[in-house]
Asks: 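Let me begin by handing over the structure; questions about it come next.
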Amino acid sequence: MTGLAKPAVRWGVTHGLPRAALRVAARRGDLQARLFVESATRPTRALTGLFDEVRAHGSLSRGTFSYLTASHAVVREVLGSNDFRSGITPAAGMWGRLAEWSAAEFLHPMTPPSLLVTEPPDHTRYRRLVTRVFTVRAVENLRARTTEIANELLDALDPNDEVDLAETYCGLLPVTVIAEVLGVPAAQRRQVLTLGTAAAPSLDMGLPWRQFRRVDAALAAFDRWLAEHLDHLRAHPGDNLLSQLVAAREDGVGLNDMELRATAGLVLAAGFETTVNLLGNGIALLHDTPGALATLREDPELWPNAVDEILRVDPPVLLTGRTCARDTTVAGVAVPEGAVVTTILAGANHDPAVFEDPERFDVRRANARDHISFSAGRHYCLGAALARMEGEVGLRVLFERFPGLRLTPGATHRTTRILRGYEHLPARLID
Ligand code: HEM
């Protein structure tokens with residue numbers, strides 16, 4: 001029983017109590033709480049009415065738990081501002097002490113030293129070590145290999161049978177690419193994918209107890225696997241990013257052991273747990289929008305724009321948040337130090353002040369690339385160029401090889417609140 005005391009307290013502080021409070025607030029109509037409740041059961045495209053309601057309350061409004069914005073200008077401003085920092089500061093007093101006492105012993109993407117919740121100078125140091133691998137030029141060198149991987153995955157499917165594209169294609173393409181970049185042996189990729197997928201709800205708040213325990217187990221197993229993998233690379237370095245990170249550490253200028261595992265783990269997991277959704281959401285949008293594929297067949301140069309339009313309309317990440325570092329004013333609203341602002345990325349992407357007729361999916365949209373699906377400011381997605389390239393190659397290879405592809409009934413969405421996409425996407429590849 002003692003072994004369960006810490007997880008039980010941690011669950012209570014970070015999930016159980018917020019979950020109960022949010023459910024009560026949702027019944028009272030609190031917009032953030034409604035977003036919490038509705039995002040678990042409805043796909044993002046069914047939430048756009050709620051984003052409109054948020055905007056109707058002002059470009060920055062105050063909810064029971066945090067400030068809230070679905071305005072493109074304000075989301076950008078907050079994410080780019082030095083008055084805000086990432087992560088949520090633990091509460092003061094008893095709650096803070098309980099959170100500290102019950103902290104997990106394994107790495108968590110929302111706990112330092114994860115890049116996502118670290119700020120300069122450490123953030124600058126971690127990012128500097130990894131960015132060069134993900135520059136546009138470096139990513140272009142991976143295009144040919146990504147095309148090969150996409151074709152190999154499609155070769156393995158039986159075109160006469162119904163296939164689940166989420167499982168057999170969208171999930172496997174990004175994990176294979178990032179695993180090669182990072183030097184994860186082929187035999188371990190399925191295991192990494194399984195652990196990463198099981199850990200995906202770790203970005204969510206308000207998990208029920210059983211799910212929280214499953215996610216904890218997956219995070220702990222992922223951490224153990226990473227430690228072993230890094231040990232292996234220490235003994236057998238290869239031509240990959242993780243071997244370089246390990247070497248940098250050994251030169252005394254790099255990361256300590258925990259920083260190394262956190263950075264490697266985040267790059268690896270972020271490298272597939274989001275792009276899987278870009279592919280799945282993209283297949284569904286292109287399939288369901290009359291004329292979209294015909295336009296791309298006529299003018300294949302539009303593919304990169306189509307990928308940005310998919311990211312705009314149905315983004316893989318619903319929202320993020322920032323904590324106010326000092327008293328400030330945003331959009332005329334005073335925001336005190338310590339307040340949390342929830343920035344709804346999907347809401348910003350549907351802001352009619354920037355995107356005309358925002359619900360319409362239009363592969364020719366001139367300003368599709370102005371979406372905020374990769375965040376903004378210091379934490380702008382490190383893998384944006386890689387994700388765009390994988391999206392373009394993955395979707396194009398699929399639809400060019402199987403122009404008659406037809407989605408069949410039975411598609412289901414993941415229930416994760418932050419990461420948005422399909423759990424199952426059944427299809428027939430040929431008519
Ligand atoms: C379509 C696919 C992707 C989407 C929509 C996406 C989205 C995002 C978003 C929204 C953030 C910032 C969160 C915040 O500001 O709080 C982020 C950060 C990050 N992403 Fe991505 N991502 C994608 C693919 C990738 C890939 C392929 C990689 C791997 C190379 C990656 C690696 C990272 C890392 C390491 C960070 C942390 C950056 C930092 O905090 O400084 N992402 N991503």
Side-chain angles (χ1 to χ4, degrees), residues 44 75-76 78-81 84-88 109-120 122-136 138-139 142 146 170-171 173-182 184 196 200 203 240-242 245 259 262-282 307-323 340-346 348-349 371-395 418-421:
T44 304
V75 168
R76 262 206 113 80
V78 170
L79 293 175
S81 163
F84 290 87
R85 58 186 152 67
S86 59
I88 305 217
M110 298 309 282
T111 311
S114 160
L115 263 169
L116 281 174
V117 290
T118 308
E119 289 294 343
D122 287 337
H123 180 256
T124 323
R125 184 162 57 92
Y126 305 160
R127 254 189 101 114
R128 204 169 27 219
L129 284 164
V130 266
T131 31
R132 66 202 144 88
V133 181
F134 297 104
T135 59
V136 175
V139 164
L142 294 169
T146 306
C170 309
L173 179 64
V175 78
T176 311
V177 174
I178 195 75
E180 287 194 4
V181 171
L182 298 182
V184 178
L203 301 180
N240 56 62
L241 170 68
L242 289 194
L245 282 183
E259 292 171 334
T263 308
L266 184 72
V267 172
L268 177 55
F272 62 87
E273 272 310 311
T274 43
T275 315
V276 51
N277 299 332
L278 163 60
L279 293 171
N281 299 350
V307 168
D308 274 304
E309 178 69 347
I310 294 162
L311 286 162
R312 182 190 75 80
V313 169
D314 199 357
V317 180
L318 178 66
L319 56 82
T320 182
R322 294 291 185 264
T323 302
V340 172
V341 176
T342 301
T343 45
I344 311 173
L345 306 176
N349 290 352
H371 65 73
I372 314 190
S373 300
F374 291 123
S375 190
R378 284 190 292 286
H379 293 273
Y380 180 79
C381 176
L382 210 134
L386 179 61
R388 281 189 166 111
M389 184 276 282
E390 287 179 352
E392 191 191 326
V393 169
L395 293 168
I418 302 287
L419 298 177
R420 317 288 297 170

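One-based numbering, in listed order, for ligands and for the atoms of each. Heavy atoms only: backbone and side chains are in, while hydrogens, waters and symmetry mates are out.
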Asks: Is the closest heavy-atom distance from Ser86 to ligand 1 below 4.0 Å?
Replies: no
Asks: Heavy atom to atom 34 (C) of ligand 1, shortest distance: which of Leu203, Leu382, Leu419, Thr320 holds it?
Replies: Leu382
Asks: Below 4.0 Å, non-hydrogen atoms only: which portion of Thr118 touches ligand 1? Side chain, backbone, both or neither.
Replies: neither
Asks: Return the residue, atom name and 0.1 Å-rounded distance of the protein heavy atom closest to atom 15 (O) of ligand 1.
Replies: Ser375 OG, 2.6 Å
Asks: Please could you name the atoms of ligand 1 that Leu345 approaches to less than 4.0 Å, counting only its heavy atoms?
Replies: 10 (C)
Asks: Can you check which of His379, His371, Arg322 brings a heavy atom nearest to atom 39 (C) of ligand 1?
Replies: His379
Asks: Which heavy atom of Ser114 sits nearest to which heavy atom of Ala262, and what is that distance?
Replies: N-CB, 4.2 Å
Asks: Are the side chain of Thr343 and the backbone N or O of Val75 linked by a donor-acceptor pair below 3.5 Å?
Replies: no
Asks: Give the atoms of ligand 1, by number and element, whose distance to some non-hydrogen atom of Pro316 is under 4.0 Å.
Replies: 1 (C), 5 (C)
Asks: Do the side chains of Arg388 and Asp308 get close enough for a salt bridge, i.e. N-O under 4.0 angstrom?
Replies: yes
Asks: Purely on distance, is any nitrogen or oxygen of Leu115 under 3.5 Å from one on ligand 1?
Replies: yes
Asks: Is it true that a side-chain atom of Arg378 and a backbone atom of Ser86 form a donor plus acceptor pair closer than 3.5 Å?
Replies: no
Asks: About how many Å separate CG of Leu245 and CD of Glu259, when rounded to the nearest 0.5 Å?
Replies: 11.0 Å
Asks: Can you tell me how far apart CG (Leu395) and CG (Leu173) are? Round to the nearest 0.5 Å.
Replies: 9.0 Å
Asks: Pull out every atom of ligand 1 sitting under 4.0 Å from any heavy atom of Arg378, numbered as shown with elements.
Replies: 41 (O)
Asks: How far is atom 26 (C) of ligand 1 from its nearest protein heavy atom, and which residue and atom is that?
Replies: Ala270 O, 3.5 Å
Asks: Would His123 count as a contact residue for ligand 1, given that I'm defining contact as a non-hydrogen atom of the residue lying under 4.0 Å from a ligand atom?
Replies: yes
Asks: Nearest 0.5 Å please: distance from the CD1 atom of Ile178 over to the CG atom of Leu241.
Replies: 8.0 Å
Asks: Donor-acceptor pair, distance only, cut-off 3.5 Å: does the side chain of Thr124 make one with the backbone of Pro120?
Replies: no
Asks: Looking at Arg322, Glu119, Arg85, which one forms a side-chain hydrogen bond (donor to acceptor under 3.5 Å, both in side chains) with His379?
Replies: Glu119
Asks: Roughly how far apart are Thr146 OG1 and Met389 CE, rounded to 0.5 Å?
Replies: 3.5 Å
Asks: What protein heavy atom sits nearest atom 29 (C) of ligand 1, and how far away is it?
Replies: Gly271 CA, 3.5 Å
Asks: Is there a donor-acceptor pair under 3.5 Å between the side chain of Thr263 and the backbone N or O of Tyr126?
Replies: no
Asks: Decide whether the shortest distance between a heavy atom of Leu311 and an atom of ligand 1 is less than 4.0 Å.
Replies: yes
Asks: So, does Asn349 use its side chain to make a donor-acceptor pair with the main chain of Ile372 at under 3.5 Å?
Replies: yes
Asks: At a 4.0 Å threshold, what atoms of ligand 1 neighbour a non-hydrogen atom of Ala387?
Replies: 1 (C), 2 (C), 24 (C)
Asks: Please work out, at 4.0 Å between heavy atoms, whether the side chain, the backbone, both, or neither of Glu390 comes within that distance of ligand 1.
Replies: neither
Asks: Could you work out, for atom 18 (C) of ligand 1, the closest of Ala376, Gly87, Cys381, Gly321 by heavy-atom distance?
Replies: Cys381
Asks: Record the part of Val130 in heavy-atom contact with ligand 1 below 4.0 Å; permitted values are side chain, backbone, both and neither.
Replies: neither
Asks: Among protein heavy atoms, which sits nearest to atom 30 (C) of ligand 1, and what does the distance come to when rounded to 0.1 Å?
Replies: Phe134 CE2, 3.3 Å
Asks: In the protein, which heavy atom is nearest to atom 10 (C) of ligand 1, and how far is it?
Replies: Ser373 O, 3.4 Å
Asks: Distance from Leu268 atom CG to Glu273 atom CD, nearest 0.5 Å?
Replies: 10.0 Å
Asks: Specify the protein heavy atom at minimum distance from atom 13 (C) of ligand 1: its residue, its atom name, and the distance to 0.1 Å.
Replies: Leu116 CD2, 3.8 Å
Asks: Give me the nearest non-hydrogen protein atom to atom 38 (C) of ligand 1 as residue plus atom name, then the distance to 0.1 Å.
Replies: Arg127 NH1, 3.5 Å
Asks: Report the nearest protein non-hydrogen atom to atom 24 (C) of ligand 1: residue, atom name, distance rounded to 0.1 Å.
Replies: Thr274 OG1, 3.1 Å
